[in-house]
J.: 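Can you keep this structure in mind? I'll have questions shortly.
Chain letters run A, B, ... following the sequence lines, proteins first and then strands; every chain starts at 1.
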There are 2 protein chains.
Amino acid sequence: MRRNRTKSGEARLTDVAKLAGVSPITASRFFRNPEALSISKRERVESAAKELGYVPNLAARALASQRSEVIGVLIPSLTNNVFSDVLRGIYDVAQNSRYSIQLVNTRYSILQEEKLLRLFQAQKPAGLIVTGINQTAESRTVMQAMNCPIVQIMEIGNEPVDMMVGFSHYDAGFTAISHLLSQGRKRIGFLGARMDPRVQRRFDGYRDAMKAAGLLDQRLIVTTPVPTSVTMGGTLFADLLIRAPDMDAVFCVNDDLALGVVFECERRQIAVPDQMAIVGFNDLEFSASSVPSITSVRTNRYEMGRHAVTMVTETIENRRPEQPIVDLGFELMVRQSSAKVA
Amino acid sequence: MRRNRTKSGEARLTDVAKLAGVSPITASRFFRNPEALSISKRERVESAAKELGYVPNLAARALASQRSEVIGVLIPSLTNNVFSDVLRGIYDVAQNSRYSIQLVNTRYSILQEEKLLRLFQAQKPAGLIVTGINQTAESRTVMQAMNCPIVQIMEIGNEPVDMMVGFSHYDAGFTAISHLLSQGRKRIGFLGARMDPRVQRRFDGYRDAMKAAGLLDQRLIVTTPVPTSVTMGGTLFADLLIRAPDMDAVFCVNDDLALGVVFECERRQIAVPDQMAIVGFNDLEFSASSVPSITSVRTNRYEMGRHAVTMVTETIENRRPEQPIVDLGFELMVRQSSAKVA
DNA sequence: CAATCCGATGGTAGCGCTGTCAATATTCGT
DNA sequence: ACGAATATTGACAGCGCTACCATCGGATTG
């Protein structure tokens with residue numbers, strides 16, 4: 001005994017088909033590939049759907065078609081500005097496509113990431129976007145078994161699970177230090193909070209640049225596993241000054257920390273850049289308009305998000321990008337905080 | 001002709017049931033309400049599921065049970081720090097529940113919001129979290145028809161669609177201005193970017209407080225529809241100084257703008273707070289550690305997110321909160337930028 | 001000891017949609 | 001004008017799961 005409508009009173013595809021005088025499958029095609037219908041049927045189905053206020057049942061569609069139109073996104077933080085930009089890129093592209101985004105927060109834990117990846121299996125996502133390249137072996141296995149396009153974002157490496165879009169944090173760190181060295185700085189501190197894998201690679205760039213210049217000194221390095229913040233920038237900088245009072249520059253792994261250093265310098269009346277050069281990372285919006293403005297490494301986070309979704313959708317539609325690894329690069333924005341000493 | 005497994009090779013509930021020697025429905029119950037099974041069956045199903053690596057098919061479940069376990073979230077911006085905090089609260093609670101979050105970005109457009117709300121209908125979400133109280137009439141109709149708990153967040157009002165959690169932006173604005181007035185300030189500027197409804201209500205608080213003090217002056221007010229930023233804070237402040245050179249305080253609708261004003265004052269060598277008091281809004285992390293530290297209105301954004309999800313889930317589980325409207329309040333954090341003139 | 005209740009389990013019948021492939025209509029080339 | 005190729009359309013049979021109701025044995029009650 002079939003009713004006229006769904007229990008909750010909504011119209012079904014069959015109801016639309018009946019009203020339009022076509023078979024259910026024809027109506028179904030109207031919503032997925034209207035070009036396949038003759039003009040007349042197309043119009044009939046369209047007006048029938050409108051009249052009934054038909055809304056497709058996504059669960060039924062997913063069940064029948066054996067696939068969903070969900071792209072899973074795993075990011076490590078919802079607070080960090082860096083990820084909000086990436087997310088905006090992701091959502092901007094996704095909202096104009098038929099795919100929807102399922103976002104989860106790994107909180108910088110690769111075990112949590114592994115667990116969430118397993119959860120995604122149940123959804124049979126159409127694609128996956130994961131942060132970074134440091135997944136557990138188990139996570140990689142799960143991903144490989146998932147049979148959908150996968151993009152690793154934020155950084156690039158040699159062994160993509162599938163595809164990648166990002167840039168080299170090592171090179172970026174190296175470039176930042178090279179800049180300071182070229183300005184005549186010798187005692188360049190490293191200031192890092194929450195040493196996630198990408199921050200670690202920025203550090204590697206710092207270390208190698210300093211080593212190459214014969215200037216590496218453990219006393220110049222301070223890090224903490226605590227999350228990053230402006231306040232933490234000031235605190236760590238104070239630490240660093242105790243350990244290396246002759247420090248003449250500091251490389252902060254992000255702009256929040258750098259801003260904290262700027263404020264701490266003001267408190268202590270340390271002249272920037274004369275006595276202390278400061279370089280940040282990410283080029284957040286405030287870095288250009290702070291006083292002094294902060295030299296920083298600009299990265300294309302919004303583009304990264306857009307790219308990632310696009311790579312996923314193109315792959316689904318059999319237009320897989322020729323290059324599985326996309327390097328979006330970075331740009332050192334030199335500003336007042338690291339201008340040459342007079 | 002039924003196969004042993006799904007086409008893609010995954011085990012189905014029936015396969016688990018067969019291996020465990022129980023009926024499919026018993027196996028089904030194991031995953032939804034294990035307590036209903038006898039210990040022996042429970043163990044049998046559990047080990048069978050593990051052996052087959054069974055992962056439930058969410059689409060099938062949603063179709064058969066006529067409901068999903070998705071909570072839809074509509075927010076106007078993915079960039080604004082304010083929302084990242086709310087989101088973090090939402091995700092923290094949701095990730096420990098059986099509900100998953102479906103997030104969409106309305107980009108401050110109530111028309112886009114309406115469209116997205118319709119999209120959500122198709123998903124039959126278990127609950128909905130929407131930003132603010134300024135939905136279109138059509139949006140309200142759609143929501144009312146959705147037959148699921150709905151929480152409006154960020155602010156409170158008198159006519160909840162269903163439930164609300166937030167605080168009074170009017171009161172917050174009024175309080176901020178009262179503080180400045182009590183410090184002896186008379187020419188208090190208003191600096192607003194992207195005048196969304198909540199910012200508008202902060203403005204109403206400003207206007208009424210100034211009017212009550214007989215100090216309202218249009219020249220003291222500057223706003224722009226452009227999104228907020230630190231840079232914009234400096235720009236608008238410069239505008240304001242031209243229009244009202246005798247200004248002795250400024251209320252910024254958020255801390256980014258306030259930070260921009262701090263920098264602009266430094267550039268112009270305007271002494272803060274002696275010549276110019278500054279009050280921000282939201283109490284972002286940097287406000288406490290900037291130089292000078294910035295007086296701001298602290299709001300419980302993380303809690304707001306947590307609350308919203310909790311209200312939804314409790315309602316679903318028939319433990320609807322007694323109070324449909326939760327006022328999380330705010331707190332004025334008085335700091336250097338608005339200390340009393342000597 | 002029969003009547004009653006309750007917890008545990010299973011059978012049946014879909015949920016609303018789409019994949020597959022066959023059946024028709026339509027167009028085209030020669 | 002005729003067969004072949006192509007464009008449209010439809011019938012059927014599930015997708016994997018759960019709601020609903022029936023069943024059954026055992027505990028409880030007077």
J.: Would you mind reading off the distance between Asp15(B) atom CG and dC17(D) atom C1', rounded to a whole angstrom?
T.: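 My rounded result for the distance is 12 Å.
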J.: Using a strict 4.0 Å threshold on nitrogen-to-oxygen distance, state whether Glu114(A) and Arg118(A) make a salt bridge.
T.: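 Looking at Glu114(A) and Arg118(A), the cut-off is met.
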J.: Rounding to a whole Å, what distance do you find between Ile39(B):CD1 and dA8(C):P?
T.: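 Interatomic distance, CD1 of Ile39(B) to P of dA8(C): 9 Å.
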J.: For Ser28(B) and Arg32(B), does a side-chain donor sit closer than 3.5 Å to a side-chain acceptor?
T.: yes
J.: Relative to the ring of Phe31(A), is the ring of Tyr54(A) parallel (under 30°), tilted (30 to 60°) or perpendicular (over 60°)?
T.: tilted
J.: Pick from Pro321(A), Cys148(A), Pro324(A): which one makes a side-chain contact (heavy atoms from CB on, under 4.5 Å) with Thr315(A)?
T.: Pro321(A)
J.: In this structure, how many angstroms lie between the C1' atom of dG11(C) and the CG atom of Leu13(B), rounded?
T.: 15 Å
J.: Please give me every residue in residues 28-38 of chain B whose heavy atoms get under 4.0 Å of an atom in DNA chain D, ordered by residue number.
T.: Ser28(B), Arg32(B)
J.: If I take atom NZ in residue Lys41(B) and atom P in nucleotide dA8(C), what distance separates them, rounded to the nearest angstrom?
T.: 12 Å
J.: Using distance alone, with no hydrogens and no angle criterion, decide if Thr313(A) and Thr310(A) have a side-chain donor and acceptor under 3.5 Å apart.
T.: no
J.: Can you check whether Arg88(A) reaches Arg301(A) side chain to side chain, under 4.5 Å on heavy atoms?
T.: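 A side-chain contact under 4.5 Å is absent here.
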J.: So, are Arg320(A) and Asp162(A) salt-bridged, with charged N and O less than 4.0 Å apart?
T.: yes
J.: Check nucleotides 23-27 of chain D for protein N or O atoms closer than 3.5 Å to its own N or O atoms and list the pairs.
T.:
none

J.: Give a yes/no answer on whether the side chain of Thr26(A) brings an N or O atom under 4.0 Å of OP1 or OP2 in dG10(D).
T.: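 So the side chain of Thr26(A) is within the cut-off, an N or O lying under 4.0 Å from OP1 or OP2 of dG10(D).
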J.: If you pin Leu63(B) and Pro24(B) to their nearest nucleotides in DNA chain C, which one's is more 5'?
T.: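 Looking at DNA chain C, the more 5' nearest nucleotide goes with Pro24(B).
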J.: How many Å lie between CG on Asn57(A) and P on dG14(C), as a whole number?
T.: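 Computing the Asn57(A):CG to dG14(C):P distance gives 18 Å.
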J.: May I have the distance from Gln66(B) (atom CD) to dA19(D) (atom P), rounded to whole angstrom?
T.: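 So the CD-P distance, Gln66(B) to dA19(D), works out to 9 Å.
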J.: Just by distance, with hydrogens left out, do Ser109(B) and Thr106(B) show a side-chain donor and acceptor under 3.5 Å apart?
T.: no
J.: For a quick test of reading the model: is some side-chain N or O of Arg67(B) closer than 4.0 Å to OP1 or OP2 of dA19(D)?
T.: yes
J.: For Arg42(B), report the nucleic acid contact type (base, sugar-phosphate, nothing); a contact means any heavy atom under 4.0 Å.
T.: nothing
J.: Take Phe167(A) and Met304(A) through the side-chain contact (heavy atoms from CB on, under 4.5 Å) test and state the conclusion after the steps.
T.: CA-CA 9 Å; Phe167(A) 64 96; Met304(A) 209 180 293; 3.9 Å; yes
J.: Report yes if at least one side-chain N or O of Ser23(A) is closer than 4.0 Å to OP1 or OP2 of dT9(D); otherwise report no.
T.: no
J.: Report the residue (Ile25(B) or Ala64(B)) whose heavy-atom-nearest nucleotide on DNA chain C is the more 5′ of the two.
T.: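 In this pair, the answer is Ile25(B).
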